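Report on the structure given below.
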Amino acid sequence: MSDIPGRSRPTAAIIGGGVIGSGWATRFLLNGWDVRFFDPSEDAERILHAVIARGRDALPALCDVVPEEGTLTIASSTADAVVGARYIQESTPERIEVKRAVLRSIQEACEAEAIVASSTSGFMPSELQDGSLRPEQIIVSHPYNPVYLLPLVEVVGSDNVSKELLDRASRYLESVSMKPVVLGAEVPAHVGDRLLEALWREALWLVKDGVATTGQIDDIITHSFGLRWAQKGLFETYRVAGGQAGMKHFLEQFGPCLEWPWTKLMDVPDLNEELIDRIVEQSDEQAAGRTVMQLENERDRNLVALLKALREEDAAAGAFLNEVNRRHQGEE
C-alpha cells in the first residue's frame, strides 16, 4: 500500500463519531482515502451522513481540482474498522478511562506500524499511552471544528514517539489537505485550546460581572480582532501594531500593560446555576430561534467565503489552500 494517496488508495479508520469523528471521516473520504467508520451509538450514521453532505457542498468552492472520493464502509466493530488501516483516528468522549479502553481495543486489532491518533483536546499523549500495548504508536492529532473545512491540526508526540512516526503522520495529514503543526513538547490542552481557554475564562467573568452579554462579546470578536486573526495571527498582528519599528517597539510600548490588573486569568468564576442560567438565556436570545443545523450551515458558508477571499489575496489559510490546489493540479 502506498505511503500517501496515489493510484492505490490507503485506508483510514475513524473510531467514534459525533461532529469531530464525522468531520475526520469527511476530510479523509473527500480527499481520496477509503474510510472505515465505527461508532456504536444509535445516531452516529445520521450525523456522519449529514456532515459528509455539508463537506460535499463546501469542497468545490475551495478546490480547483476536486479529488475523487474514497469508499465509505460502516464497520461492525472497532476491530473490523482498524484491520489494515494505515491511519486510525480516535474521537471518543473526553474521558481518560474511555479513551484508554478504546485505544487498547484498537491496538489489539490494528497493525503495529499503523498510526493511532487521538482527537483529544485536553489529554497528553503520555496520558493516553499509559497501560497501552504499544505506547510508541499513539499520538495526538487535534483538529478544529469543522474538521472538513479548517485545515489546522496539532500533532503531538511524547518521549515514546519517534520523529519518523510524527513525520509519517504529517505526510498522511498533508495528503488530505490539512496543515499539521508538530508541537515541540506535550502539554495539557496543547496550544490552541490553551489560548481559547484564556479568552473563554475572561469572557465568563465579563458576563458574570454584567459588563457585556454573550451577544456583545461575540460581536466584539467577530467585528474586530476576529477579522484580523483570520489572516494575521496574534504575533504578526502585534508586530504590525508596532509600526515601522516592529515587534521590539510594540513590546517596549505595550509590555508594561501586562502588569496592570485588567484580566482575571489567574482566577475562575464559579460556574454556578445562576451564571449558567444567565449564559443560556443570553445565548438563546442571541440564536433568535435558529437551530443548531442552521447555525452550522451559516458557519460553513461564512468560512467558505472567508477562505475564498483569503485565497484571492494568497494570504494565511488562503495561501495554504492555493498550495494544496497547485499540488492537486500537479497530480492530474
Side-chain angles (χ1 to χ4, degrees), residues 16-23 41 43-44 46-47 50-51 54 91-99 118-124 140 142-150 152 154 187-230 233-234 237 257-258 260-306:
V19 294
I20 298 300
S22 297
S41 65
D43 216 22
R46 182 194 65 79
I47 295 172
V51 173
R54 284 203 295 272
S91 302
T92 56
E94 199 76 357
R95 297 198 300 274
I96 192 65
E97 69 279 3
V98 171
K99 289 189 176 293
S118 174
S119 300
T120 180
S121 58
F123 298 122
M124 296 185 295
V140 165
H142 174 242
Y144 290 82
N145 187 41
V147 183
Y148 54 86
L149 280 180
L150 297 181
L152 197 285
E154 294 173 302
V187 64
H190 325 310
V191 172
D193 277 354
R194 291 173 75 96
L195 297 173
L196 289 172
E197 189 271 342
L199 187 62
W200 170 244
R201 184 181 299 199
E202 186 64 21
L204 290 178
W205 276 115
L206 293 169
V207 172
K208 181 180 185 301
D209 292 345
V211 175
T213 66
T214 60
Q216 289 174 324
I217 290 170
D218 281 357
D219 282 346
I220 288 166
I221 293 171
T222 58
H223 290 59
S224 62
F225 58 82
L227 291 171
R228 292 192 311 212
W229 285 355
L234 181 65
T237 292
C257 298
L258 296 176
W260 298 350
W262 282 357
T263 64
K264 298 183 178 181
L265 292 182
M266 301 308 292
D267 196 7
V268 185
D270 182 11
L271 206 56
N272 55 28
E273 289 300 319
E274 180 183 0
L275 180 54
I276 290 172
D277 288 346
R278 183 185 304 182
I279 292 170
V280 169
E281 181 181 351
Q282 292 179 3
S283 182
D284 287 346
E285 182 180 346
Q286 196 179 344
R290 290 168 295 172
T291 66
V292 170
M293 181 171 288
Q294 287 174 314
L295 293 172
E296 286 175 329
N297 290 336
E298 287 178 14
R299 175 203 64 193
D300 286 7
R301 289 195 300 270
N302 291 335
L303 282 174
V304 168
L306 280 170

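Everything quoted here is computed from the prediction, not taken from an experiment. Numbering starts at 1 and runs along the sequence shown.
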**Prompt:** Which residue pairs pass the ring-ring contact (aromatic ring centres under 6.0 Å, His included) test when at least one of the two sits in residues 260-288, sequence neighbours left out?
**Reply:**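 Every pair satisfying ring-ring contact (aromatic ring centres under 6.0 Å, His included) with a residue in residues 260-288: Trp260-Trp262.
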
Minimum heavy-atom separation for [X] and [Y], please, with both atom names.
X      : Y      : value
Val207 : Arg278 : O-NH1, 2.7 Å
Val98  : Pro93  : CG1-CD, 4.3 Å
Pro269 : Leu275 : CB-CD2, 4.3 Å
Ser121 : Asp193 : CB-OD2, 3.0 Å
Leu303 : Pro146 : CD1-CD, 3.7 Å
Ile217 : Ala212 : CG1-CB, 3.8 Å

**Message:** Donor-acceptor pair, distance only, cut-off 3.5 Å: does the side chain of Arg201 make one with the backbone of Leu265?
**Reply:**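 Yes, Arg201 side chain to Leu265 backbone: donor-acceptor pair under 3.5 Å.
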
**Asked** Taking the side chain from Ser283 and the backbone from Ile279, do they hold a donor-acceptor pair closer than 3.5 Å?
**Response** no

Heavy-atom check, side chain of [X] versus side chain of [Y], under 4.5 Å:
X      : Y      : result
Gln216 : Val211 : no
Val140 : Glu154 : no
Val304 : Leu149 : yes
Trp205 : Asp267 : yes
Met293 : Asn297 : yes

**Item:** ring pair (Phe, Tyr, Trp, His ring centres under 6.0 Å) against Trp229, all qualifying residues, sequence neighbours excluded
**Value:** Phe225

**Set of residues satisfying ring pair (Phe, Tyr, Trp, His ring centres under 6.0 Å) with respect to Tyr144, sequence neighbours excluded** = His142

**Request:** Check salt bridge (charged side-chain N to carboxylate O under 4.0 Å, His left out) between Asp209 and all other residues, then give those that pass, not counting sequence neighbours.
**Result:**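 Listed in chain order: Lys264.
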
**Item:** Under the salt bridge (charged side-chain N to carboxylate O under 4.0 Å, His left out) test, residues paired with Lys99 that sit two or more places apart
**Value:**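 Lys99 satisfies salt bridge (charged side-chain N to carboxylate O under 4.0 Å, His left out) with Glu90, Glu94 once adjacent residues are dropped.
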
**Message:** Before you tell me yes or no, could you show the steps for Thr291 and Gln294 under side-chain contact (heavy atoms from CB on, under 4.5 Å), namely the whole-Å CA-CA distance, both residues' side-chain angles and the distance that decides it to 0.1 Å?
**Reply:** CA-CA 5 Å; Thr291 66; Gln294 287 174 314; 3.3 Å; yes

Distance in Å, [X] [atom1] paired with [Y] [atom2], rounded so as to fall on 0.5 Å steps:
X      : Y      : atom1 : atom2 : value
Thr214 : Asp219 : OG1   : CG    : 9.5 Å
Asn302 : Leu306 : CG    : CG    : 6.5 Å
Met124 : Ile96  : CE    : CD1   : 9.5 Å
Leu204 : Glu197 : CG    : CD    : 9.0 Å
Leu271 : Lys208 : CG    : NZ    : 10.5 Å
Asp277 : Gln282 : CG    : CD    : 11.0 Å

**Request:** Sort and list the pairs that fulfil salt bridge (Lys or Arg N to Asp or Glu O under 4.0 Å) and have at least one residue in residues 291-304, not counting sequence neighbours.
**Result:**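 Output for this query lists Arg54-Glu296, Arg54-Asp300, Arg290-Glu298.
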
**Request:** Show your reasoning for whether side-chain contact (heavy atoms from CB on, under 4.5 Å) applies to Asn145 and Ile20.
**Result:** CA-CA 7 Å; Asn145 187 41; Ile20 298 300; 3.9 Å; yes

**Asked** Has Glu97 got more than 12 heavy atoms of other residues, nucleotides or ligands less than 6.0 Å from its CD?
**Response** yes

